[in-house]
Protein chains: 2
Amino acid sequence: MADAITPRNQDYSQWYVDVVRAAGLAEYSPVRGSMIIPPNGYALWENMQRALDGMFKATGHRNAYFPLFIPQSFLAREAEHVEGFAKECAVVTHYRLKTEDGELIVDPDAKLEEPLIVRPTSETIIWDAYSRWIQSWRDLPILINQWANVVRWEMRTRLFLRTSEFLWQEGHTAHATEQEAIEEARRMLDVYTTFAEEWMAMPVTRGPKTASERFPGAVDTFTIEAMMQDGKALQAGTSHFLGQNFAKAFDCTFTNQNNEQEHVWATSWGVTTRLVGALVMTHGDDQGLILPPRLAPMQAVVVPIYRANKPDDKAAVLDTVATIRRELEVAGVRVHVDAREEQRPGWKFNEYEVQGVPLRLAVGPRDVQNGTVELARRDRDGKESVPLDTLADTVTSLLDEIQRGLFQQARDRRDSRTTKVDSYDAFKEAVEDGFVLAHWDGTPETEARIKEETKATIRCIPFDRDDEQGEDMLTGQPSEGRVLFARAY
Amino acid sequence: MADAITPRNQDYSQWYVDVVRAAGLAEYSPVRGSMIIPPNGYALWENMQRALDGMFKATGHRNAYFPLFIPQSFLAREAEHVEGFAKECAVVTHYRLKTEDGELIVDPDAKLEEPLIVRPTSETIIWDAYSRWIQSWRDLPILINQWANVVRWEMRTRLFLRTSEFLWQEGHTAHATEQEAIEEARRMLDVYTTFAEEWMAMPVTRGPKTASERFPGAVDTFTIEAMMQDGKALQAGTSHFLGQNFAKAFDCTFTNQNNEQEHVWATSWGVTTRLVGALVMTHGDDQGLILPPRLAPMQAVVVPIYRANKPDDKAAVLDTVATIRRELEVAGVRVHVDAREEQRPGWKFNEYEVQGVPLRLAVGPRDVQNGTVELARRDRDGKESVPLDTLADTVTSLLDEIQRGLFQQARDRRDSRTTKVDSYDAFKEAVEDGFVLAHWDGTPETEARIKEETKATIRCIPFDRDDEQGEDMLTGQPSEGRVLFARAY
């Protein structure tokens with residue numbers, strides 16, 4: 001506990017790792033590329049799940065579960081899909097171990113006829129099922145989501161942002177018309193936007209990906225892109241219009257209302273545990289994590305303060321603390337009382353600061369006498385004494401204020417570090433610091449060259465970009481409008 | 001839809017499969033031994049999760065997540081554990097596919113140095129982490145639960161009851177003393193009992209397993225055993241006191257309050273998606289599923305009835321239905337209105353009957369005139385007309401009554417089919433029909449012989465058995481009390 005956190009301006013990457021570890025969000029496991037998510041990190045993910053799951057259900061989706069293992073032949077059915085995932089598949093080839101000469105080995109007699117792939121994503125196994133489930137237009141739409149673990153073998157990993165196994169949700173929907181599927185893909189991008197901005201307090205830029213950045217097998221990929229404190233972009237969620245690609249690969253047709261056979265239209269969409277990393281890198285500071293109140297597992301922590309040799313003080317303080325807890329709970333605040341005697345208040349203050357708890361309340365004998373509470377906000381320095389009798393109101397309005405303030409701060413940062421440039425030299429300089437809006441000629445060749453030379457990629461073609469003709473900064477070819485470039489996680 | 005359900009007395013196994021399929025709870029996937037859980041089945045599992053998760057948190061546990069993959073060498077550390085699981089492991093040996101001569105193959109150059117096992121259970125990977133997390137008595141207890149998928153390769157599968165991949169929760173706790181760990185294991189068995197009896201309306205018999213039926217690596221395994229309608233037992237949840245076995249295997253020690261080094265004491269406990277199967281086989285009938293109201297995703301369904309050519313009737317009926325929905329929702333009832341016009345009321349009645357919805361309400365023009373609603377209970381035949389103005393009270397009290405009635409019925413069945421016997425001949429006869437309480441000499445040899453000859457196993461040594469000395473029915477050796485025998489799923 002209380003290991004030093006490297007300052008951000010010294011080494012941003014190390015700062016990130018330090019905060020994730022010190023706040024108990026995640027740690028590496030002995031399994032290469034896989035992480036452990038301890039209770040603090042998982043509680044945050046649970047809150048994210050609850051909020052998202054509610055929004056998915058409110059838009060008509062139901063949860064289901066499909067197998068972890070995908071037959072190798074299924075992957076091969078959609079050409080771009082297999083191309084995209086074959087190089088990072090964990091492959092199950094045997095179903096038994098045995099002991100030989102006192103050593104545990106893979107039993108060579110238990111080799112599978114067909115290897116099984118640990119799902120990197122579930123389009124194939126799900127569209128195989130949909131091809132059995134769907135016969136008529138009456139069976140459509142199918143609006144299903146799955147909360148699951150997936151595996152994409154990674155050589156270079158980073159906690160939450162890039163791990164071989166990660167947790168996510170994947171929505172998979174089936175529709176009778178192209179229009180309806182596109183609307184669904186856009187609707188879910190809206191859901192992700194609402195979640196990112198209103199829950200995570202993380203502003204995002206929305207739009208389609210370029211062809212080279214699309215999900216393997218998609219006709220169109222829509223993304224939300226957030227800016228981290230180091231100016232890099234983080235893809236925070238994607239929603240794909242899959243056209244009829246998977247329906248064709250799995251022969252999934254339906255009888256439409258004119259009694260004709262058609263292939264079904266599809267979408268898929270997902271967000272992952274990398275959102276936890278995004279949260280850290282959007283709001284954290286050199287003292288540790290800062291959590292937006294709507295997602296914080298603990299919104300307020302109360303620390304009673306008294307001397308062990310003053311039993312009357314202790315009784316009075318604990319009594320007041322119990323009242324505070326009750327009143328905050330009634331007001332709907334997720335409050336935690338830390339009355340452990342084996343740890344000192346200063347140690348506790350530090351712990352909850354590192355963990356990013358939005359509000360810290362301390363109550364000592366003098367507070368009890370004065371009818372006050374000492375209150376400290378995690379999002380700014382200092383502390384103040386506030387009246388006990390209006391505490392619940394104070395706390396709930398401060399939590400709202402902090403939530404709004406964090407979003408505002410993140411949006412101001414993003415806006416101030418987003419630059420419009422018209423020359424490649426200016427581009428190279430600006431991309432060191434943040435997002436860049438520049439004209440692009442629409443070709444994958446130019447895109448690839450810029451990536452090669454600057455490590456910057458086109459994050460998206462913003463929906464809300466200005467209607468502005470221009471010229472590609474490199475080739476001088478005509479451009480329909482600016483696209484968003486950045487280096488990315 | 002509406003495929004015929006085989007009557008129970010004709011073929012109980014087929015009846016089970018028919019109900020599971022017709023109610024949309026699960027289906028086999030193309031991956032051998034793995035199942036798909038469609039929305040109806042998953043909604044039931046979500047309700048089970050929510051109830052259990054609340055009870056886990058109320059007893060001080062927090063959720064976390066540990067890796068899916070376990071290094072092969074970890075499994076080997078605890079001798080009994082590897083012995084118990086080696087024969088049913090899915091083994092990941094490669095991390096890449098490639099295309100060769102136009103065919104997708106496992107890339108032989110991407111072989112892992114050490115094979116990875118898809119977790120059959122997580123004691124090893126978790127105790128490896130605990131050995132890093134625990135130094136002092138101050139770090140104890142650790143009370144962690146994980147919701148996850150696990151894989152145990154099965155040659156003979158049955159939906160929910162025995163599948164290669166299944167969903168479950170696994171609690172893993174670490175304690176400073178033996179006493180505290182035993183209390184934890186017992187406490188979680190109590191939680192499972194409460195869940196089985198008060199939520200699933202499924203009575204259970206509790207007690208330790210015999211040595212031969214223990215979890216591999218446990219010092220003691222406690223179980224809850226339920227009787228299915230065919231008289232067979234189903235192990236519905238287990239809680240293990242693991243002693244210091246895993247702490248020793250993973251060198252997990254702590255400094256106690258006397259500044260001495262000790263190995264940590266452990267428990268683990270779990271329930272799985274097989275509980276969905278248990279629910280089907282406890283309450284279902286020849287018409288389909290019957291759901292206990294506390295777990296039913298839909299507690300009441302409302303079907304409006306009118307003729308398409310009578311718009312006034314339609315308006316009046318839909319208006320009344322909207323009022324009913326509102327009032328039931330306010331009363332906390334999970335209500336669903338099925339106003340689809342493309343399906344006829346009779347078809348809907350059948351669908352919700354198969355799905356086991358506890359209450360069905362139908363509203364037609366005459367009901368609107370009379371201020372009544374037609375109400376049918378899933379747990380008994382017939383229907384009645386009830387007043388609209390007290391409907392919410394009627395519904396909530398009926399839901400309670402159904403919940404209690406299902407439990408009572410299941411308990412009566414179990415009690416009437418539990419027999420005390422004192423001779424092996426009587427045992428052989430009685431075990432055809434249900435549970436048998438008989439004396440046993442305590443040896444694994446006698447236990448094995450009975451299993452071999454009758455397919456009956458000792459389900460548990462009931463906590464609440466009578467204090468009664470006796471003689472083993474086979475060997476005549478002294479017995480400390482009766483144990484519970486049954487054939488089991």
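All values reported here derive from a predicted model rather than from experimental measurement. Throughout, protein chains are lettered first and strands after them, A, B, ... in sequence-line order, and every chain is numbered starting at 1.
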Practice prompt. Can you measure from OG (S164(A)) to CG (L116(B)) and round to the nearest 0.5 angstrom?
Written response: 9.5 Å

Discussion item. Nearest 0.5 Å, please: how far is OH in Y42(A) from CH2 in W147(B)?
Written reply: 10.0 Å

Worksheet entry | More than 12 heavy atoms of other groups within 6.0 Å of K98(B) NZ | yes

Worksheet entry | Nearest-0.5 Å distance that lies between atom OG in S34(A) and atom CD1 in I70(B) | 10.5 Å

Worksheet entry | Within-4.5 Å side-chain heavy-atom neighbours: Y65(B) and T273(A) | no

Worksheet, complete the sentence: Interatomic distance, CD1@I117(B) vs CG@L97(A), rounded to 0.5 Å, equals 4.0 Å

Discussion item. Taking side chain as everything from C-beta outward and backbone as N, CA, C, O, which of these in L167(A) sits under 4.5 Å from a heavy atom of chain B? Side chain, backbone, both or neither.
Written reply: side chain

Discussion item. Minimum heavy-atom separation for W133(B) and P38(A), please, with both atom names.
Written reply: CH2-CB, 4.1 Å

Discussion item. Going by salt bridge (Lys or Arg N to Asp or Glu O under 4.0 Å), name the pairs with one or both residues in residues 115-142 of chain B, residues two or more places apart or in two chains.
Written reply: E27(A)-R132(B), D128(B)-R132(B)

Discussion item. What part of I144(B) gets within 4.5 angstrom of chain A, counting heavy atoms only: side chain, backbone, both, or neither?
Written reply: side chain

Fill in: Mutual orientation of the aromatic rings belonging to W153(B) and F69(A) [parallel < 30°, tilted 30-60°, perpendicular > 60°]
tilted

Fill in: Under 4.5 Å from a heavy atom of chain B, the part of F166(A) involved
neither

Worksheet entry | Exam field: side chain E88(B) to backbone R96(A), donor-acceptor pair closer than 3.5 Å | no

Worksheet, complete the sentence: Okay, P39(A) and chain B: the region with an atom under 4.5 Å from a heavy atom over there is both

Discussion item. Just so I understand: if I count every heavy-atom pair under 4.5 Å between each of E103(B), E114(B), E342(B), E46(B) and chain A, which residue has the most?
Written reply: E46(B)

Practice prompt. With sequence neighbours excluded, tell me which residues meet side chain to side chain contact (heavy atoms under 4.5 Å, CB included) with A51(B).
Written response: F195(B), W199(B)

Worksheet item: Quick one: what part of N40(A) sits under 4.5 Å from any heavy atom of chain B, side chain, backbone, both or neither?
Response: both

Worksheet, complete the sentence: Looking only at heavy atoms, the pair that brings E165(B) and P67(A) closest together is OE1-CA, 3.4 Å

Worksheet item: Given Y95(B) and E154(A), is the side chain to side chain donor-acceptor pair (under 3.5 Å) satisfied, shown in steps?
Response: CA-CA 9 Å; Y95(B) 58 85; E154(A) 294 284 352; over 6 Å; no

Worksheet entry | Atom group of F74(A) that falls short of 4.5 Å from chain B, counting heavy atoms | side chain

Fill in: Best-contacting candidate, S73(A), A129(A), A90(A), A76(A), against chain B by heavy atom pairs under 4.5 angstrom
A90(A)

Worksheet item: Just wondering, do T93(A) and V91(B) contact through their side chains at under 4.5 Å, heavy atoms?
Response: no

Worksheet item: Which answer fits L68(A), side chain, backbone, both or neither, if we ask what part of it has an atom under 4.5 Å from a heavy atom of chain B?
Response: both

Worksheet item: Looking at R340(B), Q72(B), Q146(B), which one has more heavy-atom pairs under 4.5 Å with chain A than the rest?
Response: Q72(B)

Discussion item. Does any backbone or side-chain atom of W45(B) lie under 4.5 Å from a heavy atom of chain A? Answer side chain, backbone, both or neither.
Written reply: neither

Worksheet item: So how far is it from N149(B) CG to N149(A) CG, rounded to the nearest 0.5 Å?
Response: 4.0 Å

Worksheet item: Quick one: what part of E83(A) sits under 4.5 Å from any heavy atom of chain B, side chain, backbone, both or neither?
Response: neither

Discussion item. Tell me if the CG atom of N258(B) is crowded by more than 12 foreign heavy atoms within 6.0 Å.
Written reply: yes

Discussion item. Please classify the contact between K111(A) and chain B as side chain, backbone, both or neither, with a heavy-atom cut-off of under 4.5 Å.
Written reply: neither

Worksheet item: Most heavy-atom pairs under 4.5 angstrom with chain A, which of I126(B), V151(B), V31(B), N145(B)?
Response: V31(B)

Worksheet, complete the sentence: Of the listed A26(A), S29(A), A110(A), P30(A), the one with the largest count of heavy-atom pairs under 4.5 Å with chain B is P30(A)

